[in-house]
Asks: 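Pasting a structure below so you can have a look.
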Amino acid sequence: MVERTLAIIKPDAVSKKFTGKIIDMIENHGFNIIRMQKLRMAPEHGQAFYAVHKERPFFGELVEFITSGPVVVMALEKENAIKDWRTLMGATNPAQADAGTVRKLYAESIGKNAVHGSDAPETAQEEIKFFFHDL
Ligand code: ADP
Ligand code: MG
């Protein structure tokens, strides 16, 4: 089934100039980029986006990080886009990520882990709408 998912290139990867390399991986794996925008999230924006994690001990650190510099946000489309983007991203902790994944190649730590991907159809739809109101 053709699906859409939200991808974010996080501030660590943007500041290290990995944007082009990550977009290249995304396109080489058959994803269509439906929308793409570079922006800096405001603190309220970061808190709202990660609200699901607000009880976790690293929430403050997470919001500080995601708002620390520009990000590149993309709506991706492909068959099984949600699962396939998470597979291409690799495990949350880059130390546990498979070889060839974005996080293995470009992430530095469990917090500063280069990319975001939606985890289910409902969250994908919500997250796409969060950034791209007309989608
Ligand atoms: P994923 O991004 O793989 O879906 P989660 O949804 O569990 O992972 O966590 C959201 C984000 O919170 C992670 O991508 C990472 O940036 C941050 N994070 C997760 N676990 C930790 C941790 N133990 N310490 C610091 N930051 C974390
Ligand atoms: Mg998640």
Asks: Measure the spacing between CD1 of Ile22 and CD1 of Ile9 and express it to the nearest 0.5 Å.
Replies: 5.0 Å
Asks: Assess the residue pair Phe18 and Asp12 against the criterion (side-chain contact (heavy atoms from CB on, under 4.5 Å)); give the C-alpha distance rounded to whole Å, side-chain angles, the decisive distance to 0.1 Å, and a yes or no.
Replies: CA-CA 9 Å; Phe18 293 146; Asp12 58 321; over 6 Å; no
Asks: OG1 of Thr5 to CG of Asn80: how many Å apart, nearest 0.5 Å?
Replies: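 Result: 11.5 Å between the selected atoms.
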Asks: Which pairs with one or both residues in residues 84-101 pass side chain to side chain donor-acceptor pair (under 3.5 Å), sequence neighbours excluded?
Replies: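 Qualifying pairs, neighbours excluded: Lys78-Asp84.
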Asks: Less than 4.5 Å apart, any side-chain heavy atom of Phe31 and any of Leu88?
Replies: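 They are in contact (side-chain heavy atoms under 4.5 Å apart), so the answer is yes.
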Asks: Please answer whether the main-chain N or O of Asn32 pairs with a side-chain N or O of Glu77 as donor and acceptor at a distance below 3.5 Å.
Replies: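 Such a contact is absent between Glu77 side chain and Asn32 backbone.
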Asks: Is a side-chain donor or acceptor of Arg103 paired with a backbone partner of Asn113 at a separation under 3.5 angstrom?
Replies: yes
Asks: Would you name the heavy atoms of Ala13 and Ala114 that are closest together and state the gap between them?
Replies: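 In this case the closest contact between Ala13 and Ala114 is CB-O, 3.8 Å.
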Asks: One pair to check against side-chain contact (heavy atoms from CB on, under 4.5 Å): Leu105 and Lys21. What are the steps and the verdict?
Replies: CA-CA 10 Å; Leu105 288 165; Lys21 291 180 170 67; over 6 Å; no
Asks: So, using salt bridge (charged side-chain N to carboxylate O under 4.0 Å, His left out) as the criterion, who are the partners of Lys16 when residues are at least two apart?
Replies: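 Partners of Lys16 by the salt bridge (charged side-chain N to carboxylate O under 4.0 Å, His left out) criterion, ordered by chain and then number, come out as Glu108.
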Asks: Where do Pro11 and Gly69 come nearest, in terms of heavy atoms and distance?
Replies: CG-O, 3.7 Å
Asks: For the hydrophobic clusters of this structure (ILVMFWY residues joined by side-chain heavy atoms under 4.5 Å, transitively), does one cluster hold both Val14 and Leu76?
Replies: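 Same hydrophobic cluster.
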Asks: Given Lys54 and Gln47, is the side-chain contact (heavy atoms from CB on, under 4.5 Å) satisfied, shown in steps?
Replies: CA-CA 8 Å; Lys54 65 176 183 296; Gln47 284 168 11; over 6 Å; no
Asks: Do His45 and Thr67 make a side-chain contact, defined as non-hydrogen atoms from C-beta onward lying under 4.5 Å apart?
Replies: no
Asks: Residues two or more places apart in sequence or in another chain: which of them pass salt bridge (charged side-chain N to carboxylate O under 4.0 Å, His left out) with Glu79?
Replies: none
Asks: Val102 versus Met25: any side-chain heavy-atom pair under 4.5 Å?
Replies: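 In contact.
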Asks: List, by chain and then residue number, the residues other than Leu62 in its hydrophobic cluster (Ile/Leu/Val/Met/Phe/Trp/Tyr, side-chain heavy atoms under 4.5 Å); write none if there are no others.
Replies: Leu6, Ile8, Ile34, Leu39, Met41, Phe49, Tyr50, Phe58, Phe59, Val63, Ile66, Val71, Val73, Ile128, Phe130, Phe131, Phe132, Leu135
Asks: Calculate, to the nearest 0.5 Å, the distance between atoms CD and OG belonging to Glu61 and Ser68 respectively.
Replies: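 One finds 11.5 Å between CD of Glu61 and OG of Ser68.
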Asks: Please report the closest heavy-atom contact between Ala124 and Ile82, naming both atoms and the distance.
Replies: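 Minimum heavy-atom contact is CB-CD1, 3.9 Å.
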Asks: Give the cluster check for Val115 versus Ile33: same hydrophobic cluster or not, with ILVMFWY residues linked at side-chain heavy-atom distances below 4.5 Å.
Replies: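 Cluster IDs for Val115 and Ile33 match.
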Asks: Transitive ILVMFWY cluster of Val2 at side-chain heavy atoms under 4.5 Å: who else is in it?
Replies: none
Asks: Taking salt bridge (Lys or Arg N to Asp or Glu O under 4.0 Å) as the cut-off, I'd like each qualifying pair that reaches into residues 122-135, sequence neighbours left out, listed once.
Replies: Arg35-Asp134
